[in-house]
Amino acid sequence: NLLHLLRVIRMYDLSATLVGHSSDVRCCCMTATGLIVTGSRDNTARVWEQNSDCDKDTPAADRWSVICQLTGHTGFVNAVASLKTTDDFPKGLIVTGGQDKVINIYCTGVAEPIKQLIGHTEGVTCLSTGWHGTILSGSADSTVRVWEEMELKEVLKGHSAPVWDVAIYPGAGIYLSASGDKTIRLWRDGKQETVYKGHLDAVRKLSVLPDKTFMSCSNDGTVRHWDISGSCLNTVQLSSNFLYSLCLLPEGFAVSGEGGNLFIVKDGSLQQSIQIPAISAWCCEPLPDSDILVGGSDGVARIFSPHEGRLAPLIDREQMKEQLAAQKHSAQSVGDLQLDKLQGPEALNKPGREGQTLMINRSGTVEVYQYSGVSWQSLGVVQDAYDKDKHELDGVKYDFVINVDVEEGKPPLKLGCNKEDDPWNVAQEFINKNCLSQAYLTQIAEYIRQNTGIDNKAMEYDPNFSDPYTGGSRHVPDAGQGKSPALGTTRHFPATRVLTENIPDASKLIKKITEHNGSVNENSQLSGDELAHFEKIAKKTSEGQKLDAGDMELVAKLLSWDKSLVFPCLDLARSINKTSPDFFELQDKFNIAVTNYKADSTTCVRVALRFLVDITCQHTEYCVQNFVDFIAPAMDCLNTTDKKFVCMSLNKILHNMTCVETDQVTSRYLLDCISKLLEYIQRELTEKDKIETMQFNLLVATGNLLTKHPQIKQFVVKTLMEQFSAQKFSHKIRITANEILAMSS
């Protein structure tokens, strides 16, 4: 029970709304003279000035006014920045970058550009400006360009995907860039010096800290803190949705992203989760006195403030809550959509227009996608509103309604939430509604998770995390300090034997593939001659004979089948890989596994993960070298419904990675994944014998890493190991856990 949540802490709330754009506010900044600049998908940028005669009763929409609308772009405005005032330009200059590949430079207050910078071959995605007039630009053409005195100085090449952000690092000629290729790169004097790897998806935003370290946020839902040498100092998981923007605050930082979320982190702890009534919170920017500017996909920029005297009138703040409630209601209803008239997943293979949205019928589920950069990005699932298992609270239907005991002797408060909700957002709304202490945000969110099983976008806590801006540490509940008794001295590590999966007999796959052949589309169907050829391939594979290059075309055709039908073809590929290890190029093996373990088909995911186990047995060292790109994303498969089989494969994959030499950074990643999988298995699975086998394999893997790298012992979660030394576990598990505790003490 949650008791005595009585003390009210003043947190961020709505201060002002900047209304005027007719499409998404994609970017924003503040000039040195205190003006706000917003860029939009309506092809314009707008310059806003704060009204001087505002008081506490001034409506939110009347607190800032447009003083100039910047024209000149023929596509979306993706980036805005400003240059300092000079004798020639006493009001400063404004810089914009657009989908039209052009960078425009404006005198502040003038609608037409005074200069255009031409050079990028794809849309300009980001800008950064320096104190001495340097302009840094990034583009979907994967390059970074450096402009000085409004002329091109140099082109920086190295990224293999669109560049999503750039930053000028303290020191002459030093720049940072973040990309869809999941890396951050440091450039010095026109040359690439350091590549920072660790993010599991596109890196979207960078912020350089006063101590010359820097932070990044990513589509993988994490914020990372880096030092200049290339080391990742800390990682904090804020969301399972994309994170788009990051800004520093006087005490901490703020992050915005998909789902309309704004996360405020202070002293190493999530202090507040705010949701705007928009699908995406594209950008966030710090304003004076700790205020935050947020640009949304609803075409509105909003200012949030922690200062009571600057808050919008109550009617405006309540209106935003009503807009949020209306948005959630509409998201629950399929309405009058005719599913048979929606396109299938194959429509995602075709490029779209920047910002275009598309609804897909995937086996009766309506999914919404938006085209951004060079690919379709998932925005979520549209669900039907009717559900006989819903519970009603205050006239609204929820998947769960739970009791929260607030004060001894008083009736509990009711809290409603849905399966797709973020526990942190629900907890924040509950605190706001009932005037409870903000200090209990984490406790309420955890209470929701424990009582509903919801774990959609919860922040994952790293006990070693310290806030990179303030140096403050997150509060961690006291852990038991007692030592577990020694149970033996048997050593189980280092272990070098890899764990394998059974390989199916190719001849037994003929019937299943022949059956599926009648269900695939005509372009992918095997003809009569091809079926005969396929049976010969299966027979040769079953007998252990090697295949030749002439068989590749037919195998490739089988592997192109729809994900709901391809799983026997994947098993055939596994069988071929065993008898003819050189038949597939190594990169092709990974591509086959990775492409299919990301599929929606449970059976497809299961077989693809088994293929990945096969690969880790054959090419263990290569897998270790490419762990971040190929293996770590497989952890996302835990979100599927096939929990047991996913865990069985992942535990073998992670164990196999530790059977060869690993560097310290990769070992840290492996330990993160091992700890998460151990916790997941303990929480989600019920078959005791299979659970124990997996736990033992993962404990041995942990011991393997400590044997090779004793210096990473501080990353071993001590409380987790102490848990496995408890009496409720088998003798073998307790011995292994205590050996690890002894090594890490």
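All heavy atoms count here, side chains included; hydrogens, waters and symmetry mates do not.
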Enquirer: Between N219 and R204, is any pair of side-chain heavy atoms under 4.5 Å apart?
Expert: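 Yes. Closest side-chain heavy atoms under 4.5 Å.
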Enquirer: When you measure from the side chain of R63 to the backbone of C54, do you find a donor-acceptor pair of N or O atoms at a distance under 3.5 Å?
Expert: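 Absent.
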Enquirer: Look only at the side chain of T222 and the backbone of Q237, and say whether a donor-acceptor pair between them is shorter than 3.5 Å.
Expert: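 Answer holds: no.
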Enquirer: Tell me whether E112 at atom CD has more than 12 heavy atoms from other residues, nucleotides or ligands lying less than 6.0 Å away.
Expert: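 Counting other residues, nucleotides and ligands, CD of E112 exceeds 12 neighbours.
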Enquirer: Kindly give the heavy-atom pair with the smallest separation between S256 and A281, and that separation in Å.
Expert: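 The answer is OG-O, 3.1 Å.
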Enquirer: Nearest heavy-atom pair of L248 and S207: which atoms, and what distance?
Expert: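 Taking L248 first and S207 second, the nearest heavy atoms are CG-CB, 4.0 Å.
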Enquirer: Say you draw a straight line from NZ of K101 to OG1 of T74; how long is it, rounded to the nearest 0.5 Å?
Expert: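 It comes to 9.5 Å.
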Enquirer: Does A202 offer a backbone N or O that forms a donor-acceptor pair with the side chain of S218 under 3.5 Å?
Expert: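 Between the backbone of A202 and the side chain of S218 there is a qualifying donor-acceptor contact (under 3.5 Å).
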Enquirer: Run the salt bridge (Lys or Arg N to Asp or Glu O under 4.0 Å) check on K191 and E154 step by step: do they pass?
Expert: CA-CA 10 Å; K191 296 181 180 179; E154 56 194 356; over 6 Å; no
Enquirer: Rounded at 0.5 Å granularity, tell me how far OG1 in T213 sits from CG in L209.
Expert: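 The distance works out to 4.5 Å.
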Enquirer: For residues L314 and R317, determine if any side-chain heavy atom of one lies less than 4.5 Å from a side-chain heavy atom of the other.
Expert: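 They are in contact (side-chain heavy atoms under 4.5 Å apart), so the answer is yes.
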Enquirer: Is any side-chain heavy atom of S273 closer than 4.5 Å to a side-chain heavy atom of L262?
Expert: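 S273 vs L262: side chains apart.
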Enquirer: Do N51 and S65 have side-chain atoms, one donor and one acceptor, less than 3.5 Å apart?
Expert: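 The criterion, which ignores hydrogens and geometry beyond distance, is satisfied for S65 and N51.
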Enquirer: Calculate, to the nearest 0.5 Å, the distance between atoms CZ and CD1 belonging to F89 and I114 respectively.
Expert: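 Answer rounded to 0.5 Å: 4.0 Å.
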Enquirer: Do I228 and L186 touch side chain to side chain, with heavy atoms closer than 4.5 Å?
Expert: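 Heavy-atom side-chain distance check passes, below 4.5 Å.
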Enquirer: Taking the side chain from R224 and the backbone from G198, do they hold a donor-acceptor pair closer than 3.5 Å?
Expert: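 Checked: pair present.
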Enquirer: Without hydrogens or angle criteria, can the side chains of S280 and E258 be said to hold a donor-acceptor pair below 3.5 Å?
Expert: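 Indeed, the side chains of S280 and E258 share at least one donor-acceptor pair under 3.5 Å.
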Enquirer: Looking at every heavy atom in both T125 and A140, which two are closest together, and how far apart are they?
Expert: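 Minimum heavy-atom contact is CG2-N, 3.8 Å.
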Enquirer: Is it the case that D141 and T143 place a side-chain donor and acceptor less than 3.5 Å from each other?
Expert: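 Present: a donor and an acceptor within the cut-off.
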Enquirer: Using a 6.0 Å cut-off, check whether atom NZ of K91 has over 12 heavy atoms from anything other than its own residue.
Expert: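 Atom NZ in K91 is not packed in, count stays at 12 or less.
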Enquirer: Give a yes or no on this: more than 12 heavy atoms of other residues, nucleotides or ligands lie within 6.0 Å of atom CD1 of I118.
Expert: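 Counting other residues, nucleotides and ligands, CD1 of I118 exceeds 12 neighbours.
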Enquirer: Is any side-chain heavy atom of C126 closer than 4.5 Å to one of V166?
Expert: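 Yes, close enough: below the 4.5 Å cut-off.
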Enquirer: So does G75 get a backbone contact from the side chain of Q99, meaning a donor-acceptor N/O pair under 3.5 Å?
Expert: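 The answer is no, because no donor-acceptor pair under 3.5 Å joins these two groups.
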Enquirer: Please check this pair: side chain of D227 against backbone of L233, looking for a donor-acceptor N/O pair closer than 3.5 Å.
Expert: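 No, the answer is negative, given that no donor and acceptor are paired below the 3.5 Å cut-off.
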Enquirer: Check whether any side-chain N or O of R302 sits under 3.5 Å from a backbone N or O of I276 as a donor-acceptor pair, and report yes or no.
Expert: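 Not confirmed, R302 side chain does not pair with I276 backbone.
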Enquirer: Testing D291, D55, D13 one by one against R310 for a salt bridge (Lys or Arg N to Asp or Glu O under 4.0 Å), which residue passes?
Expert: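 One option only clears the test, and that one is D291.
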Enquirer: Can you tell me if K321 has over 12 outside heavy atoms packed within less than 6.0 Å of its NZ?
Expert: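 Yes - once you tally the heavy atoms of other residues, nucleotides and ligands closer than 6.0 Å, there are more than 12.
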Enquirer: Does the separation of the ring centres of W187 and Y175 fall below 6.0 angstrom?
Expert: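 Distance test on ring centres: not under 6.0 Å, no.
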Enquirer: Looking at T44, D100, N78, N43, which hits side chain to side chain donor-acceptor pair (under 3.5 Å) with H73?
Expert: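 Of all the options given, the one that passes is D100.
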Enquirer: What are the two closest non-hydrogen atoms of I168 and S128, and how far apart are they?
Expert: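 Minimum heavy-atom contact is N-OG, 3.6 Å.
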Enquirer: Shortest non-hydrogen contact from T38 to A301?
Expert: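 Scanning both residues, the minimum pair turns out to be CG2-CB, 4.1 Å.
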Enquirer: Closest approach of S160 and S142, non-hydrogen atoms and distance?
Expert: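 Minimum heavy-atom contact is C-OG, 3.9 Å.
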Enquirer: Could you check whether any side-chain N or O of S245 sits under 3.5 Å from a backbone N or O of C284, counting only pairs where one atom can act as donor and the other as acceptor?
Expert: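 The answer is yes, because a donor-acceptor pair under 3.5 Å joins these two groups.
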Enquirer: Any side-chain to backbone donor/acceptor pair from N104 onto P113? Under 3.5 Å, distance only.
Expert: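 Absent.
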Enquirer: Report the relative orientation of the aromatic rings in Y196 and F214; use parallel for angles under 30°, tilted for 30 to 60°, perpendicular for over 60°.
Expert: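 If you compare the ring of Y196 with that of F214, the planes turn out perpendicular.
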Enquirer: To the closest 0.5 Å, what do you measure between SG (C217) and CZ (F263)?
Expert: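 So the SG of C217 and the CZ of F263 are separated by 11.0 Å.
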Enquirer: Flag the pair L83 / I135 as yes when at least one side-chain heavy-atom distance between them is below 4.5 Å, and no otherwise.
Expert: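 With C-beta onward as the side chain, the pair touches.
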